[in-house]
Amino acid sequence: MSSNLRTVFILFYLIGLNIIGVWSLKCRCDDFCKHTNDTCETDGYCFTSVQFKKNTNEVLYNYRCFHKEQFPDIVAGASKHGEYCNATKMDGDIYRVTACCQTGDFCNRDPLPLPEGATGATLSSLEIVACIAIPILIVCIIVLVVYFYRTGNQKKRGLHHHLRPGDDSIEAPDHPILSKGVSLKHMIEMTTSGSGSGLPLLVQRSIARQIQLIDIIGQGRFGEVWRGRWRGENVAVKIFSSREERSWFREAEIYQTVMLRHENILGFIAADNKDNGTWTQLWLITDYHEHGSLFDFLGRNTLDTGGMIRMALSIATGLAHLHMDIMGTQGKPAIAHRDLKSKNILVKSNRTCAIGDLGLAVRHDVTTDTVDIPLNNRVGTKRYMAPEVLDETMNVDQFDSFKRADVYALGLIFWEVARRCNVGGIYDEYQLPFYDAVPPDPTIEEMRRVVCYERQRPNIPNRWQSCEALHVISKLMKECWYHNATARLTALRIKKTLSNFRASEELKM
Ligand SMILES: Nc1ncnc2c1ncn2[C@@H]1O[C@H](COP(=O)(O)OP(=O)(O)OP(=O)(O)O)[C@@H](O)[C@H]1O
Ligand SMILES: *[C@@H]1O[C@H](CO)[C@@H](O)[C@H](O)[C@H]1NC(C)=O
Ligand SMILES: *[C@@H]1O[C@H](CO)[C@@H](O)[C@H](O)[C@H]1NC(C)=O
Ligand SMILES: *[C@@H]1O[C@H](CO)[C@@H](O)[C@H](O)[C@H]1NC(C)=O
Ligand SMILES: *[C@@H]1O[C@H](CO)[C@@H](O)[C@H](O)[C@H]1NC(C)=O
Ligand SMILES: *[C@@H]1O[C@H](CO)[C@@H](O)[C@H](O)[C@H]1NC(C)=O
Ligand SMILES: [Mg+2]
């Protein structure tokens with residue numbers, strides 16, 4: 001009896017420990033844990049590896065979490081569990097040593113020693129003196145040369161250093177998750193379950209280098225967008241010119257913000273910079289959506305009321321997720337988009353949307369209650385700029401101001417969508433907001449006259465009042481584009497209103 005009681009007691013104790021997370025192991029983590037203080041948490045092992053590339057003398061260390069749920073995939077992909085976790089392997093001229101541990105937090109803290117014989121061969125006794133002296137000398141010289149070469153290069157190349165020191169000279173190793181037959185979606189799910197911030201950088205690089213560009217699908221301010229293929233899957237590749245390095249870097253950085261992945265945010269796959277000394281190619285690889293942007297889609301298609309509500313709800317849901325500040329280690333900072341427009345939203349195959357083009361986004365730094373980059377005030381697309389952005393009265397010290405400007409743009413996007421809603425065979429042709437008030441490439445002054453002084457807003461046709469869905473959405477858009485920014489709805493409020501409306505419609509059916 002008493003032993004039964006003790007068992008129950010211990011069980012509750014263990015369950016309790018599990019719930020409060022005492023059992024989760026903290027590990028040292030590189031690359032993709034920048035936003036969590038180089039730390040990840042796992043229910044599995046802490047993982048570390050060292051690789052030595054013989055012909056270049058390059059040593060590469062990796063630290064990360066190896067989650068329990070990854071075990072089956074890894075085992076399937078790389079034969080035995082032990083081969084991933086506890087292996088010394090010579091592959092071509094790459095030595096690879098891996099180790100897993102569970103002995104305590106940060107048990108993978110220390111760099112693994114290189115395997116004996118990795119750095120040189122043993123020789124007979126007479127040559128030992130020479131063998132000790134000469135390699136040391138050579139290594140010293142190489143280290144010095146490499147050191148000076150790199151510091152010189154880093155100054156020249158600035159941002160490149162962030163991606164990976166040594167850049168092009170290191171090719172991606174045979175990372176287990178790259179084994180054949182694993183789809184991109186699956187790979188991303190495997191690696192993002194812990195940090196939510198994306199694939200390891202070297203995996204990103206080797207994916208990028210295996211992509212075949214098929215055709216060009218768009219041209220934006222910052223470069224070209226291509227359709228590419230990776231192992232039979234379509235991907236979108238945005239190629240930035242080297243002048244736009246900052247945009248490329250910023251967009252990749254934002255996409256890799258912890259926990260940003262969401263079904264209504266464009267799925268980020270990889271970023272890569274190729275540099276051959278005189279020429280830099282900057283790639284940003286994302287999910288490909290064959291409908292293209294919302295602008296493209298609305299130009300070619302109309303929607304029924306259900307489709308319109310679903311589409312509007314998906315955009316609001318994406319924006320609400322972007323705007324949300326989630327606290328804690330598994331949280332995300334609030335992000336404001338600053339360039340929201342129909343061209344920067346992609347339409348998925350089931351006609352829900354994903355918000356893309358995060359290159360101008362700003363993140364909320366909670367500790368200082370400021371935005372995370374120095375601002376140049378008026379960025380974005382003039383046609384979609386909120387009145388306070390146009391007349392520069394926005395309070396840029398307050399993060400909420402940026403969210404409110406996004407909501408203004410969301411109102412204009414809803415208007416573009418609503419025009420294409422087909423009720424009883426009646427709908428409007430596709431138009432950009434303010435198509436009837438300003439010329440095709442309006443200046444700030446023209447926009448300011450229309451939006452700030454004349455306080456014009458897109459016209460809401462009478463016919464919208466006689467259809468309930470259109471009535472609801474037109475009410476929402478008006479509450480998005482108030483001149484008084486503080487009076488505007490929040491993205492979360494819009495999401496809830498639309499989702500309630502959809503639920504009530506479903507009840508009627
Ligand atoms: N992931 C994607 N899947 C499918 N098509 C895409 C994707 N990303 C972009 N496109 C297409 O490429 C076009 C160009 O996109 P891009 O973001 O470079 O320029 P833009 O949005 O037109 O202008 P801006 O530079 O102001 O953002 C888009 O309008 C869209 O048609
Ligand atoms: C980050 O980690 C370092 C050492 O690992 C520690 O001293 C520091 O307090 C940590 N900072 C935060 C914000 O957790
Ligand atoms: C790792 O390998 C070594 C030697 O091959 C062995 O002694 C050790 O028990 C192994 N550890 C694990 C966790 O498999
Ligand atoms: C680098 O690549 C560009 C474009 O592919 C090419 O024109 C140039 O000659 C290359 N430079 C070197 C040094 O290989
Ligand atoms: C739309 O498709 C995505 C996957 O592409 C899926 O996650 C989502 O649930 C779908 N939404 C609806 C409303 O069917
Ligand atoms: C703006 O709206 C807020 C909230 O509705 C209100 O409190 C405030 O007085 C308004 N400001 C102006 C200048 O009208
Ligand atoms: Mg764009």
Side-chain angles (χ1 to χ4, degrees), residues 184-185 211 213-230 233-241 243-244 246-248 250-252 254-255 263-271 282-301 318 337-349 351-361 378-388 391 393-395 398 400-401 404 407-409 412-413 416 430 432 440-442 452 455 478-490 493:
L184 278 171
K185 186 167 175 286
I211 285 173
L213 296 179
I214 307 289
D215 46 20
I216 192 161
I217 50 180
Q219 177 84 51
R221 268 173 303 181
F222 299 125
E224 297 165 344
V225 181
W226 286 72
R227 179 171 67 96
R229 282 182 86 74
W230 184 80
E233 292 177 70
N234 279 320
V235 293
V237 183
K238 191 159 160 183
I239 303 180
F240 294 70
S241 67
R243 267 184 301 115
E244 304 292 354
R246 283 191 174 278
S247 308
W248 167 81
R250 180 66 178 167
E251 192 161 358
I254 293 278
Y255 272 121
E263 64 172 310
N264 302 119
I265 306 286
L266 180 59
F268 170 82
I269 297 168
L282 305 168
W283 282 23
L284 195 98
I285 300 150
T286 61
D287 290 343
Y288 171 79
H289 298 293
E290 61 181 337
H291 281 310
S293 67
L294 181 61
F295 171 82
D296 303 328
F297 178 86
L298 293 175
R300 289 191 289 255
N301 303 278
H337 189 288
R338 298 207 298 166
D339 194 18
L340 208 57
K341 57 175 173 173
S342 51
K343 282 183 181 165
N344 286 343
I345 293 174
L346 294 146
V347 179
K348 303 207 276 188
S349 54
R351 302 188 165 202
T352 59
C353 293
I355 297 174
D357 270 276
L358 298 177
L360 291 174
R378 279 187 310 212
V379 296
T381 305
K382 300 179 187 84
R383 186 180 294 274
Y384 288 84
M385 280 179 184
E388 66 274 17
D391 66 12
T393 55
M394 185 169 98
N395 178 3
Q398 212 188 3
D400 279 350
S401 313
R404 291 173 188 140
V407 166
Y408 170 87
L412 301 181
I413 292 164
E416 294 174 68
Y430 176 74
L432 283 168
D441 193 11
C452 302
R455 300 210 179 177
K478 285 187 220 158
E479 292 180 284
C480 286
W481 64 43
Y482 283 136
H483 187 81
N484 176 354
T486 53
R488 290 176 202 151
L489 298 172
T490 63
R493 185 69 257 157

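Position 1 is the first residue of the sequence, and the numbers go up from there. Atoms within a ligand are numbered from 1 in the order they appear, just like the ligands themselves.
- The protein heavy-atom contact nearest to atom 3 (N) of ligand 1 is His289 N, 3.1 Å.
- Ser401 places a side-chain N or O within 3.5 Å of a backbone atom of Asn395 that can act as its donor or acceptor partner.
- Per-atom contact check: atom 7 (O) of ligand 6 does not touch the protein, criterion being a heavy-atom distance below 4.0 Å.
- Of the protein's non-hydrogen atoms, Asn344 OD1, 2.8 Å is the one closest to atom 21 (O) of ligand 1.
- Interface of Thr286 with ligand 1, defined as ligand atoms under 4.0 Å from a residue heavy atom, comprises 1 (N).
- Using the six-membered ring where Trp is involved, Tyr255 and Phe268 have ring planes that are parallel, under 30° apart on the 30 and 60° scheme.
- Screening Glu290, Arg229, His289 for a side chain to side chain donor-acceptor pair (under 3.5 Å) involving Asn234 leaves a single residue, Arg229.
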Give the C-alpha distance, both sets of side-chain angles, the deciding distance and a yes or no for side-chain hydrogen bond (donor to acceptor under 3.5 Å, both in side chains) between Asn344 and Ser293. CA-CA 6 Å; Asn344 286 343; Ser293 67; over 6 Å; no
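- In this structure, atom 10 (N) of ligand 1 lies nearest to the protein heavy atom Val225 CG1, 3.9 Å.
- For the Mg ion (ligand 7), the N/O/S atoms of Asn344 include one lying under 2.8 Å.
- With Ile355 as reference, Leu340 is the one residue of Asn264, Leu294, Leu340, Leu266 to meet the side-chain contact (heavy atoms from CB on, under 4.5 Å) rule.
- When heavy-atom distances to ligand 1 are checked against a 4.0 Å cut-off, Asp287 comes that close only through its backbone atoms N, CA, C and O.
- Between the CH2 atom in Trp283 and the CD1 atom in Ile285 there is a gap of 6.0 Å [rounded to 0.5 Å].
- Taking all atoms of both residues into account, the shortest heavy-atom contact from Ala354 to Ile265 is CB-C, 3.8 Å.
- Within a 6.0 Å radius of NZ in Lys382, other residues, nucleotides and ligands contribute 12 heavy atoms or fewer.
- Heavy-atom proximity to Gly218, at under 4.0 Å, picks out these atoms of ligand 1: 12 (O), 13 (C), 14 (C).
- Looking at atom 29 (O) of ligand 1, its nearest protein heavy atom turns out to be Ser293 OG, 3.7 Å.
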Criterion side-chain contact (heavy atoms from CB on, under 4.5 Å) on Lys238 and Glu251, from CA distance to verdict: CA-CA 11 Å; Lys238 191 159 160 183; Glu251 192 161 358; 3.3 Å; yes
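- Considering CD1 of Ile211 and CD1 of Ile269, their distance stands at 7.0 Å, rounded to 0.5 Å.
- In terms of protein heavy-atom proximity, atom 5 (O) of ligand 6 is nearest to Ala487 CB, 3.9 Å.
- By the 3.5 Å distance cut-off applied to N or O atoms, Asp296 is counted among the residues near ligand 1.
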Going through the distances and angles, do Asn301 and Val347 end up as a side-chain contact (heavy atoms from CB on, under 4.5 Å)? CA-CA 11 Å; Asn301 303 278; Val347 179; over 6 Å; no
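- For ligand 1, the atoms sitting less than 4.0 Å from at least one non-hydrogen atom of Asp357 are 17 (O), 27 (O), numbered in the order shown with element in parentheses.
- Counting only heavy atoms of the protein, atom 5 (N) of ligand 1 lies nearest to Ile217 CD1, 3.5 Å.
- Within 6.0 Å of CG in Asp441 there are 12 or fewer heavy atoms belonging to other residues, nucleotides or ligands.
- When hydrogens are left out, the protein atom nearest atom 22 (O) of ligand 1 is Lys343 CD, 3.6 Å; that is the closest non-hydrogen contact.
- Atoms of ligand 6 found under 4.0 Å from any heavy atom of Thr486 (numbered from 1 in listed order, with element): 1 (C), 2 (O), 3 (C).
- Asp357 lies close to the Mg ion (ligand 7), since one of its N, O or S atoms is found at a distance under 2.8 Å.
- Looking at atom 7 (C) of ligand 1, its nearest protein heavy atom turns out to be Leu346 CD2, 3.5 Å.
- The residue among Glu244, Arg221, Lys341, His291 with a heavy atom at the shortest distance from atom 25 (O) of ligand 1 is Arg221.
- The nearest protein atom to atom 9 (O) of ligand 6, hydrogens excluded, is given as Asn484 ND2, 4.8 Å; this is a heavy-atom distance.
- Per-residue contacts place Tyr288 under 4.0 angstrom from the following atoms of ligand 1 (heavy atoms of the residue considered): 3 (N), 4 (C).
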CA sep, side-chain torsions, deciding dist, call: Glu416, Arg383, salt bridge (charged side-chain N to carboxylate O under 4.0 Å, His left out): CA-CA 13 Å; Glu416 294 174 68; Arg383 186 180 294 274; over 6 Å; no
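- Regarding atom 19 (O) of ligand 1, its nearest protein heavy-atom neighbour is Gly220 CA, 3.2 Å.
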